Amino acid sequence: MTLLKVDNLGKSFGGVKAVDGISFELKAGELLALIGPNGAGKSTTFNMVNGQLKADQGSIVFDGHELVGQKPREIWRKGVGRTFQIAETFASLTVAENVQMAMLSHDGKLFSMWRRAADHKRDEALALLDQVGMKAQADRPCSELAYGDVKRVELAIAMANAPKLLLMDEPTAGMAPKERNSLMALTKELVVQRGLAVLFTEHSMDVVFAYADRMIVLARGRLIAQGKPLEIRDHPKVQEVYFGSGKTFEKIAEKAAEVNAAVGAATA
Ligand code: ADP
Ligand code: MG
């Protein structure tokens, strides 16, 4: 089932067409990577979907609703989640408290109320933390966590309102390769187990090729290719614009196929 349908979407800043009439679709249970060189228009696309930027042209239909013109909070309430960095003010709260707070926020409760009811939603928060492998650390302050673990908690927070679509703009930035793979494996698990749809951008090509079900490639605001990783690998325009030499690219794709097979076996 098509969950998100983007049609002829565009946004300019001054004379620059940051996103120039792109169209793509995303299904439930699909992990879609948005790739392209710096300045290609990836973040602008994201921010139009989550409502932080208003599109100049085109439409974004999510689960039967037009999103263009809606406020970020309305879009979030309809089931479009995104990962946020845990703000410093919340770093002193425990792992579980951060997730509980996100759950309350979805219920429309006030933070002040939550302060008096610290047990609220604790079981649900722990279940979610269990899924991201953070249950054992539930009562530690976020400020004490390793970077890769913070990213897992951020994922749990983004999942707290049970979104149908999750947007992740460079989720593995700043992570070591091993942590990157483990965060993406976890994301893939959520996609498979919950039928979640994920749209993500990523610089690391081995991550993209290992975990994406499908990819769309942007260059200077235009969509130059879309398809499965192997189709993208063989796309001459993509190699030219994005990857430079095809030789490096072959190697990446081979390695990614290995990882993918391992993940497939783990989630089957
Ligand atoms: P990416 O995320 O792929 O690196 P962006 O979507 O951030 O690309 O940027 C696409 C283009 O739009 C770039 O040329 C960038 O300089 C420009 N741009 C993005 N945001 C703004 C803004 N708020 N004001 C002016 N120009 C912007
Ligand atoms: Mg960006």
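One-based numbering, in listed order, for ligands and for the atoms of each. Since we're looking at a predicted model, the values are computed, not measured. Values below: every heavy atom of this structure, side chains too, minus hydrogens, waters and symmetry copies.
Side-chain N or O atoms of K188 include one that pairs as donor or acceptor with a backbone N or O of Y211 at under 3.5 Å. In this structure, D7 contributes its side chain and S59 its backbone to no donor-acceptor pair below 3.5 Å. Q70 places a side-chain N or O within 3.5 Å of a backbone atom of E66 that can act as its donor or acceptor partner. For the pair E202 (side chain) and P171 (backbone), a donor-acceptor distance under 3.5 Å is absent. The backbone N or O of V198 lies less than 3.5 Å from no partner atom in the side chain of E30, so there is not a single donor-acceptor pair. Here the side chain of T201 pairs a donor or acceptor atom with the backbone of E170 at under 3.5 angstrom.
When the heavy atoms of K42, K17, K11, E170 are ranked by distance to atom 3 (O) of ligand 1, first place goes to K42.
Atom 5 (P) of ligand 1 lies below 4.0 Å from at least one non-hydrogen atom of the protein. Atom 15 (C) of ligand 1 is never approached by the protein to below 4.0 angstrom, counting heavy atoms only.
Around the CZ atom of R140, the shell of radius 6.0 Å holds more than 12 heavy atoms that belong to other residues, nucleotides or ligands. Taking a 6.0 Å sphere around CZ of R222, one finds it holds 12 or fewer heavy atoms contributed by other residues, nucleotides or ligands.
In terms of protein heavy atoms, atom 7 (O) of ligand 1 is closest to S43 CB, 3.8 Å. Here the heavy atom of the protein found nearest to atom 12 (O) of ligand 1 is A18 CB, 3.2 Å. The protein atom (non-hydrogen) at minimum distance from atom 9 (O) of ligand 1 is T44 OG1, 3.8 Å. Nearest protein neighbour of atom 24 (N) of ligand 1, counting heavy atoms only, is F13 CD2, 3.5 Å.
Considering backbone and side-chain atoms together, G39 places an N or O closer than 3.5 Å to an N or O of ligand 1. Residue-to-ligand polar distances place A40 within reach of ligand 1: an N/O pair is separated by less than 3.5 Å.
Within the 2.8 Å limit, S43 places at least one N, O or S atom next to the Mg ion (ligand 2).
For the pair G41 and ligand 1, a heavy-atom separation below 4.0 Å is found.
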